[in-house]
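Single-structure report; data block below.
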Amino acid sequence: MSEAEVVERATGLLGRTFVGHGVTVRITEVEAYGGIEDPASHAYTRTQRSEIMFGPPWHLYVYRSYGIHHCANVVTGPTEKAAAVLLRAGEVVDGLELARERRPGVADAVLGRGPGNLALVLGLTLDDLGTPLLTGDGVHLGPEVPRPEQVRSGPRVGVSRAADVPWRLWLPDEPSVSAYRRSPRAPR
DNA sequence: TACACGATATTCT
DNA sequence: GAATATCGTGTAA
């Protein structure tokens with residue numbers, strides 16, 4: 001898989017809806033991970049945790065981060081490359097009431113800001129690991145949308161390796177997009 | 001079996 | 001801007 005393909009597939013998710021448990025978001029920010037060829041990817045080393053990414057594409061990869069948060073990824077394949085796209089932020093477009101309940105005291109526009117918060121608002125947990133995302137029921141991806149006219153890109157947030165690869169992609173002027181923070185462990 | 005460490009978010013100064 | 005909670009996972013022993 002070429003670098004261009006990795007970014008291409010990630011870009012295709014921007015602006016698309018993602019249906020979680022009772023809440024739907026429009027994806028505004030993603031990060032691409034290049035699988036076995038990307039030192040920052042969990043699939044760089046094939047383990048039990050990353051095994052799902054070596055399976056067929058369009059399945060859900062969920063992992064626990066810092067013991068507290070869940071982060072949701074779409075496996076984009078192809079199968080042997082284990083590439084995936086981390087969903088970093090989204091705008092809640094349906095199930096607003098439920099989303100508010102899951103994050104009390106937070107402004108609507110910011111409900112789905114950051115990968116941990118997004119997974120929380122969508123109600124995604126490790127129970128959803130491996131869910132096929134193209135089937136219509138339960139947790140799934142919305143229909144494909146036209147390529148966004150403008151896409152911004154920059155280095156990925158919080159990664160200590162390959163910290164300068166600009167594979168974080170987001171839509172301009174979206175209040176739900178998270179702020180950039182370089183990993184304290186990244187060199188330089 | 002033990003131990004170190006995050007693809008984070010929030011709180012504190 | 002800096003500190004840190006918290007625990008599953010990966011890696012070493």
Side-chain angles (χ1 to χ4, degrees), chain A residues 1 3 6-7 9-11 13-14 18 20 25 27-55 57 59-77 81-92 99-130 133 152-170 174-188:
Chain A
M1 140 122 48
E3 295 190 3
V6 173
V7 174
R9 294 181 188 221
T11 307
L13 289 173
L14 286 173
F18 187 98
V25 299
I27 300 168
T28 56
E29 180 190 4
V30 297
E31 273 175 11
Y33 284 85
I36 57 176
E37 296 165 1
D38 181 359
S41 172
H42 290 167
Y44 187 64
T45 52
R46 184 169 184 164
T47 64
Q48 195 167 30
R49 176 177 63 162
S50 61
E51 189 63 31
I52 185 69
M53 289 191 278
F54 291 82
H59 284 231
L60 190 66
Y61 167 51
V62 181
Y63 67 92
R64 206 180 245 295
S65 177
Y66 291 86
I68 331 169
H69 314 283
H70 292 282
C71 298
N73 302 247
V74 177
V75 178
T76 53
K81 295 294 188 176
V85 175
L86 170 67
L87 306 180
R88 284 201 57 87
E91 171 195 8
V92 176
R100 285 175 182 149
E101 274 180 40
R102 286 173 176 156
R103 294 197 67 202
V106 173
D108 289 352
V110 179
L111 282 170
R113 178 155 83 178
N117 290 330
L118 184 64
L120 173 63
V121 161
L122 288 170
L124 298 174
T125 68
L126 290 177
D127 289 341
D128 300 296
L129 182 63
L133 294 174
R152 302 289 161 102
S153 66
R156 293 175 289 188
V157 175
V159 299
S160 57
R161 291 183 287 184
D164 297 305
V165 182
W167 282 359
R168 171 172 174 248
L169 307 166
W170 68 96
E174 290 286 347
S176 57
V177 171
S178 58
Y180 174 64
R181 293 248 283 274
R182 172 172 265 255
S183 167
R185 292 166 295 280
R188 173 117 66 111

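Chain naming here is simple, since letters A, B, ... match the order of the sequence lines and numbering starts at 1 in each. Atom set for the values below is all heavy atoms of this structure, side chains included, hydrogens, waters and symmetry mates excluded.
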[N] [atom2] sits how many Å from [X] [atom1], rounded?
X	N	atom1	atom2	result
A:Tyr44	B:dG6	OH	P	15 Å
A:Leu118	B:dA9	CG	C1'	14 Å
A:Arg168	B:dT8	CZ	P	11 Å
A:Arg181	B:dT11	CZ	P	13 Å
A:Arg185	B:dC5	CZ	P	9 Å
A:His70	B:dG6	NE2	C1'	15 Å
A:Arg182	B:dT8	CZ	P	13 Å
A:Leu124	B:dA7	CG	P	19 Å

Notebook entry, point to check: Checking A:Arg46 against A:Phe54: charged group under 6.0 Å from the ring centre and within 45 degrees of the axis?
Noted result: yes

Notebook entry, point to check: About how many Å separate CH2 of A:Trp170 and OG1 of A:Thr28, when rounded to the nearest 0.5 Å?
Noted result: 11.5 Å

Margin query: Please find the pair of heavy atoms, one from A:Ala43 and one from A:Ser50, that lie closest to each other, and give the distance.
Written below: CA-CB, 3.9 Å

Margin query: When both hydrogen-bonding distances must be under 3.5 Å and the geometry is Watson-Crick or G-U wobble, what is B:dA9 paired with, if anything?
Written below: C:dT4

Check: Across all strands, who's sitting opposite C:dT9 as a Watson-Crick or G-U wobble pair, both distances under 3.5 Å?
Finding: B:dA4

Notebook entry, point to check: Contact class for A:Arg103 (heavy atom, under 4.0 Å): base, sugar-phosphate, or nothing?
Noted result: sugar-phosphate

Next item on the list: Have a look at A:Asn73 and say if it touches a base, only the backbone sugar-phosphate, or nothing, with a 4.0 Å heavy-atom cut-off.
Entry: base

Checklist line | Test: A:Arg156 and A:Asp164 ion pair at under 4.0 Å | finding: no

Next item on the list: Tell me whether A:Tyr63 is stacked on the nucleobase of B:dA7, counting only the six-membered base ring and applying the 5.5 Å and 30° thresholds.
Entry: no

Check: Judged by modelled atom types alone, do A:Ser178 and A:Glu29 share a side-chain donor-acceptor pair under 3.5 Å?
Finding: yes

Notebook entry, point to check: So, A:Arg88 side chain and A:Arg113 main chain: donor-acceptor pair closer than 3.5 Å or not?
Noted result: no

Next item on the list: Any chance you could list the contact pattern along nucleotides 4-13 of chain C? Use B for base contacts, S for sugar-phosphate-only contacts and - for none, protein heavy atoms under 4.0 Å, 5' to 3'.
Entry: -BBBSSSS--

Note to self: Which residue in the set A:Tyr61, A:Tyr33, A:Tyr63 passes side-chain hydrogen bond (donor to acceptor under 3.5 Å, both in side chains) when paired with A:His42?
What the structure shows: A:Tyr61

